[in-house]
Amino acid sequence: MNIDQLLREQFGFDSFRPGQRETIESILSGHNTLSMLPTGTGKSLCYQLPAYLLQGAVIVVSPLLSLMQDQTEQLKRRGEKRVIALNSFLQYEEKNAALANLNRYKFIFLSPEMLQIPQVIQALRQLQVSLFVVDEAHCISQWGYDFRPDYRLLGNVRNELGSPLTLALTATATEKVRNDILNGLQLHTVKEWVFSVNRPNIAVHVEKLQDQMDKQARLIELVSFFQKPGIVYFSGRRAAEEAVHHLKQAGVERTAFYHGGMDAGDRLLIQHQFLTGELDVVCATSAFGMGINKENVRFVIHYHMPPQMESYLQEIGRAGRDGNPSAAVLLYVPGDEKLHEFIAEMEFPDDGQIRQMTEHGIAARDVQPPLSETQTRFAVHYKQEAERKNINPFRYISQKREYLLERKAIKRKEIVMWLSAEECRRAGYMRLFNEKRAEQQQCCDVCGVSLAAFQEKTVITRSEHREHWRDLLARLLPEK
DNA sequence: CGATGGCCTACTATTAGGCCATCGGTGCAATAGT
């Protein structure tokens, strides 16, 4: 059966979306493949379809449990029963049973952390693995160094599994990040399919504001004004919660916040309500995003800038997947980038803490002041690496921290330069991906596009919506 | 760093200001206790 027939008969689609055919043919001709496909292209088809033409199991490494659940359910709905997600949702006995019978499954979903368990590797080694898939592969570069170091060990895992044919999928990765992915996976020969990061139907705006009060007021004005649904991104949980409060006072009722501090049930509820259209606006931290497949998001506002351009593009890419005009607005108050500086520094142990672990033999959990989970993971990971390489652990860990902080500082500088430049926004971000901007309508604020086109289409009768935002603010917020 | 919230004080009855402490993101797996 050829891939077009399979697409029709097994998946019920008439034609491939951009990049799917290239990726699938590349895999089927036996090439390790890295595909950067536009958001909303249907990346999962790129491994699901070839799975039926290859002998053996497909291993899918996924960053989030919720993504794994989505994918397994999607497959099961289509009638594929040979699917399992090996994760902490499984009870001890269930996990053992699954590991003992892995050859029953065609699709095996795992987290990078699971792939560090010897028992799991042992079981996978008994299998014929036809394809090793790394979904959201930019996580190797973005999360792998500090937040989830097990991402950086996927190359070793792949070797232990006999270096199977490999597919890395992502929507947003600069050349540097793509190299990072290839190095991380220890892929030497690879076919790369890189499609444009540009999303021509998204108008990109940056607005500079005087202070936080102005910004708050502008947010309320924009959200009230814009065609919905939309997403507002914040760098802090509390800021997201407060914005919901203010928006509701301003008459935007169907709005809720979403962040990593909420319990799983609440998060699922909000996500579901947004997808089904019960909510118009979600005020979220970066926790909200991966796996949000909603076609008709009309705007993405950044109340705080993200820590780097890739995150920004990833986040605005959640707008306009249906191809209709959508708006991305970044609100910037000079100094906003400081927040990310502090968040970054918080992530790493200081020299005193590292010294306790390396030179005084104190266990990570007994270090004073106590280490966060992320700090512990970072320190333990690189201590082990230093010991393996037989070099001074204190200096190694300390240098790693400085290197990563510097890397993050460079990324921050990049996005600050971008939003401060008086150059076409689109030309600016496309250059980071070695692309040239094509002429287009609805480009950006520098090119002179007005946000008026994105106004809510329903007739606004509530009088407060016609107030100037300063009057609105004065009424809503107590005097300073 | 910088925004915010709680607390104290002053000194008079309700609120204002100053000071200090706190907080600031992303998630896996495993574990303890209900």
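We name chains A, B, ... by the order of the sequence lines, and we start the count at 1 in each one.
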Residue closer to the 5' end of DNA chain B, A/Q212 versus A/G261 (nearest nucleotide): A/Q212
A/D146 vs A/F89, nearer the 5' end of DNA chain B by closest nucleotide: A/D146
Summary of protein contacts for nucleotides 19-25 of chain B, nucleotide by nucleotide, where a base hit scores B, a sugar-phosphate-only hit scores S (4.0 Å, heavy atoms): -----BB
Can you find a side-chain donor-acceptor pair between [X] and [Y] that sits under 3.5 Å?
X	Y	result
A/Q186	A/N156	yes
A/Q356	A/D366	no
A/Q212	A/D336	yes
A/D351	A/S398	yes
A/H302	A/E315	yes
A/H259	A/E241	yes
A/S196	A/E435	yes

Sugar-phosphate only, base, or nothing, as touched by A/E345 at under 4.0 Å among non-hydrogen atoms: nothing
Sugar-phosphate, base or nothing in reach of A/N87, heavy atoms under 4.0 Å: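 Since only primed, P, OP1 and OP2 atoms lie under 4.0 Å of A/N87, the category is sugar-phosphate.
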To the nearest Å, give me how far apart [atom1] ([X]) and [atom2] ([N]) are.
X	N	atom1	atom2	value
A/F147	B/dT26	CZ	P	8 Å
A/Q119	B/dA29	CD	P	14 Å
A/H245	B/dT4	NE2	P	13 Å
A/H340	B/dT26	NE2	C1'	12 Å
A/E373	B/dA29	CD	P	12 Å
A/E94	B/dA29	CD	P	14 Å
A/D214	B/dA3	CG	P	12 Å
A/E337	B/dC1	CD	P	14 Å

Distances for protein N/O vs nucleotides 31-34 of chain B N/O pairs under 3.5 angstrom?
none

Main-chain N/O of A/Y303 paired with A/K215 side-chain donor or acceptor, under 3.5 Å: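 Looks like yes, one N/O pair under 3.5 Å.
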A/S163 side chain to A/L161 backbone, donor-acceptor under 3.5 Å: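 Side chain of A/S163 to backbone of A/L161: no pair is present.
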Between [N] and [M], how far apart are the two [atom1] atoms, rounded to whole Å?
N	M	atom1	result
B/dT15	B/dA10	C1'	11 Å
B/dT12	B/dG17	C1'	16 Å
B/dG25	B/dC20	P	26 Å
B/dG18	B/dC11	P	14 Å

Lys NZ or Arg CZ of A/R152 over A/Y145 ring: under 6.0 Å, within 45°: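 Ring-cation test returns yes.
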A/Y429 ring center near A/F433 ring center (under 6.0 Å):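 Ring-ring flag for A/Y429/A/F433: false, centres at least 6.0 Å apart.
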A/F274 and A/F288 aromatic centres sub-6.0 Å: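 Ring-ring flag for A/F274/A/F288: true, centres closer than 6.0 Å.
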Ranges pairing with ranges for DNA chain B, where each run has three or more Watson-Crick or G-U pairs under 3.5 Å: B:1-9 with B:16-24
Phosphate OP1/OP2 of B/dG27: any A/R267 side-chain N/O under 4.0 Å: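 Yes, such a contact exists.
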